[in-house]
Amino acid sequence: NTGSRELRFVDPIVSLSGAAAGEFNLLTPLSVLSQPLLPGESRDVSLAFDPSNLYLRTATLTLFSDDCNNAATSILLSGTGTGSYPEIEIFPMNLNYPAREVAAGPSAAKKVWIGNVGTAPLVFSGAGVGVTGPHHGDFKITTSLPPLIGTPIAVGEIREVQIVFDPVNAGPRNAHLAITTNDIDEGLVEVGLAGTGLDSEIEVSPLEIDFGYRNLADGSSAPQTITIRNLGSRDLNFTGGGIVLQGSAASSYSFVSPPDASPLAAGASRQLGVVFTPARDGLLRARIVITTDDRDEPETVVELYGRGLES
């Protein structure tokens, strides 16, 4: 106390704060610290450092008094935790897979290496190694997990994890390879996993054409146009018969030109011309059946209607 009157301590008298406050222990009893300090008198405050983690640890000690200029006096505390410790090292931190067709099966495996560059064994905790994230079902670990995580990784040792990409839907697919260990400052490490699923998506319009009434003697009608589009991200392949006319009155309808059943590129479209040539009077119904490798719409049907009139 460098002042001219008695210095009194006020509640809470002393506090410890900061990220590592629990690692610094006040040894001087509060009953001693709370006593007034006479002018010219000094008093020691004893603390101990008991780190629970490695590296630099900091906290703040604050003393509260009736000093009119400095009612709260703060002192920075610091210490460094030392000793043997594990240190995880991962390579690479991101895996990017080539675009792959949905339902084509797993891709070739990509590898992640897990090493221990510390001075103590690296022990897996929790799940150890797993895939998490929005599209975790699209990425699969093919390495047998019991041998991988069942024992600690020794100092200097490296282990390998293999992961394949098997998209269940089209579009960008993202997840993480999550690795949990006893590494003090990196208990959870996440490796980014990314790939793109490719799939075809057929769109046909219109799905119904009514040719109206037509005299048998007038021959074929004006052509009507059907548009086939591939809204997907890979080629749309025609399967089976491809594009065919079916139905009891199929003979009253015909294509302007032979249908093109070659693969339809992603984003592309093609047109199909159809004419109505009534073979008899009355309602004549048929349909165009389009079969492709679209997984959720393997068969698309366009209904055809027309009415034949005798002169």
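Predicted model, so just to flag it, every value in this text is computed and none were measured.
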> Test of understanding: clusters of I, L, V, M, F, W, Y form through side-chain heavy atoms closer than 4.5 Å, transitively. Do Leu193 and Ile90 belong to the same one?
yes
> Quick one: are Arg229 and Ser205 in side-chain contact, heavy atoms under 4.5 Å?
yes
> In this structure, would Leu207 and Ile226 fall into the same cluster of hydrophobic residues linked by side-chain contacts under 4.5 Å?
yes
> Pair Thr292, Glu299 - check side chain to side chain contact (heavy atoms under 4.5 Å, CB included), show working.
CA-CA 7 Å; Thr292 67; Glu299 181 178 282; over 6 Å; no
> Quick check: do Phe24 and Asp50 have side-chain heavy atoms less than 4.5 Å from each other?
no
> Does Asp66 have any salt bridge (charged side-chain N to carboxylate O under 4.0 Å, His left out) partners at least two apart in sequence or in another chain, and if so, which?
Arg5
> To the nearest 0.5 Å, tell me how far Leu231 CG sits from Ser269 OG.
9.5 Å
> Honestly curious: do Leu37 and Val45 fall in one hydrophobic cluster under the side-chain, below-4.5 Å linking rule?
yes
> Give the minimum heavy-atom separation between Leu284 and Tyr253, together with the two atoms involved.
O-OH, 2.6 Å
> If a pair satisfies salt bridge (charged side-chain N to carboxylate O under 4.0 Å, His left out) and one of its residues is in residues 80-104, list it, with sequence neighbours excluded.
Glu101-Arg234
> Run the side-chain contact (heavy atoms from CB on, under 4.5 Å) test against Leu145 and tell me which residues pass, sequence neighbours left out.
Val129, Ile141, Leu148
> Any donor and acceptor pair, going by atom type alone, linking the side chain of Thr58 with main-chain N or O of Ser78 inside 3.5 Å?
no
> Cluster partners of Val168, using ILVMFWY side-chain heavy atoms under 4.5 angstrom, listed by chain and number?
none
> State which residue, out of Val189, Asn116, Val123, Leu122, fulfils the side chain to side chain contact (heavy atoms under 4.5 Å, CB included) condition with Asp183.
Leu122
> Is the count of non-hydrogen atoms from other residues, nucleotides or ligands lying under 6.0 Å from Arg285 atom CZ greater than 12?
no
> What residues form a side-chain contact (heavy atoms from CB on, under 4.5 Å) with Gln224, not counting sequence neighbours?
Ile209, Phe211
> Shortest non-hydrogen contact from Pro39 to Gly3?
CB-O, 3.4 Å
> Is there a donor-acceptor pair under 3.5 Å between the side chain of Thr227 and the backbone N or O of Gln271?
no
> Would you check if Trp113 and Arg159 make a side-chain contact, meaning some heavy-atom pair closer than 4.5 Å?
no
> So does Phe276 get a backbone contact from the side chain of Ser221, meaning a donor-acceptor N/O pair under 3.5 Å?
yes
> Can you pull out every ring pair (Phe, Tyr, Trp, His ring centres under 6.0 Å) where at least one residue sits in residues 227-249? Sequence neighbours excluded, please.
none
> Measure across Ser84 and Thr119 and return the closest heavy-atom pair with its distance rounded to 0.1 Å.
CA-OG1, 3.2 Å
> Can you name the closest pair of heavy atoms from Leu188 and Ala178 and give their distance?
CD1-CB, 4.0 Å
> Using a 6.0 Å cut-off, check whether atom CG of Asp296 has over 12 heavy atoms from anything other than its own residue.
yes
> Which pairs count as salt bridge (charged side-chain N to carboxylate O under 4.0 Å, His left out) when at least one residue sits in residues 250-274, sequence neighbours excluded?
Asp260-Arg270
> Are Leu47 and Phe49 in one and the same hydrophobic cluster, where Ile, Leu, Val, Met, Phe, Trp and Tyr link if side-chain heavy atoms are under 4.5 Å apart?
yes
> By the definition side chain to side chain contact (heavy atoms under 4.5 Å, CB included), identify the one residue from Val112, Ile163, Ile114, Asn94 that meets it with Val191.
Val112
> Carefully, step by step, assess Val289 and Val302 under the rule side chain to side chain contact (heavy atoms under 4.5 Å, CB included).
CA-CA 7 Å; Val289 178; Val302 179; over 6 Å; no
> Would a distance-only check, ignoring hydrogens and angles, find a side-chain to backbone donor-acceptor pair under 3.5 Å from Asp11 to Ile13?
no
> Let me confirm one number: the CG-CG distance from Asp199 to Asn169, rounded to the nearest 0.5 Å.
8.0 Å
> Do you know which two heavy atoms are closest between Pro278 and Leu216, and how far apart they sit?
O-CG, 3.9 Å
> Do the ring planes of Phe165 and Phe139 sit parallel (below 30°), tilted (30 to 60°) or perpendicular (above 60°)?
parallel
> If only atom types and distance count, is the side chain of Asp281 paired as donor or acceptor with the main-chain N or O of Gly308 below 3.5 Å?
no
> Kindly say whether Pro263 contributes a backbone atom to a donor-acceptor pair with the side chain of Asn237 at under 3.5 angstrom?
no
> Evaluate Thr60 against Ile75 for side chain to side chain contact (heavy atoms under 4.5 Å, CB included), listing each step before the verdict.
CA-CA 6 Å; Thr60 300; Ile75 303 162; over 6 Å; no
> Donor-acceptor check, side chain of Arg214 to backbone of Gly219, threshold 3.5 angstrom: yes or no?
yes
> Applying salt bridge (charged side-chain N to carboxylate O under 4.0 Å, His left out), name anything that partners Asp210, two or more places apart in sequence or on another chain.
Arg307
> Taking C-beta and beyond as the side chain, do Leu304 and Val274 meet within less than 4.5 Å on heavy atoms?
yes
> Partners of Glu297 by salt bridge (charged side-chain N to carboxylate O under 4.0 Å, His left out), sequence neighbours excluded?
none
> Do the side chains of Thr151 and Phe124 get nearer than 4.5 Å, heavy atoms only?
no
> To the nearest 0.5 Å, how far apart are CZ in Phe9 and CG in Leu63?
6.0 Å
> Test of understanding: with side-chain contact (heavy atoms from CB on, under 4.5 Å), list the residues that count as partners of Pro36, not counting sequence neighbours.
Glu6, Arg8
> Would you indicate whether the side-chain heavy atoms of Ser252 and Thr277 approach each other to under 4.5 Å?
no
> Run the side chain to side chain contact (heavy atoms under 4.5 Å, CB included) test on Leu26 and Leu33 for me, step by step, so that the C-alpha distance in whole Å, both residues' side-chain angles and the decisive distance to 0.1 Å come before the verdict.
CA-CA 11 Å; Leu26 182 65; Leu33 286 177; 4.0 Å; yes
> Taking side-chain contact (heavy atoms from CB on, under 4.5 Å) as the test, write out the residues that go with Ala72, two or more places apart.
Thr62, Phe64
> How many angstroms lie between atom OG of Ser107 and atom CG of Asp166, to the nearest 0.5 angstrom?
7.5 Å
> Between Glu303 and Arg287, does at least one N-O distance fall below 4.0 Å, as a salt bridge requires?
no
> Can you list every side-chain hydrogen bond (donor to acceptor under 3.5 Å, both in side chains) pair that touches residues 21-43, not counting sequence neighbours?
Glu23-Ser52, Glu23-Arg57
> To the nearest 0.5 Å, what is the distance between OH (Tyr213) and CG (Leu309)?
7.5 Å
> Any idea which heavy atoms bring Asn174 and Ala194 closest together, and the distance?
OD1-CB, 3.5 Å
> Give the cluster check for Val10 versus Leu7: same hydrophobic cluster or not, with ILVMFWY residues linked at side-chain heavy-atom distances below 4.5 Å.
no
> Distance check, rounded to the nearest 0.5 Å: His176 atom NE2 versus His135 atom NE2?
12.0 Å
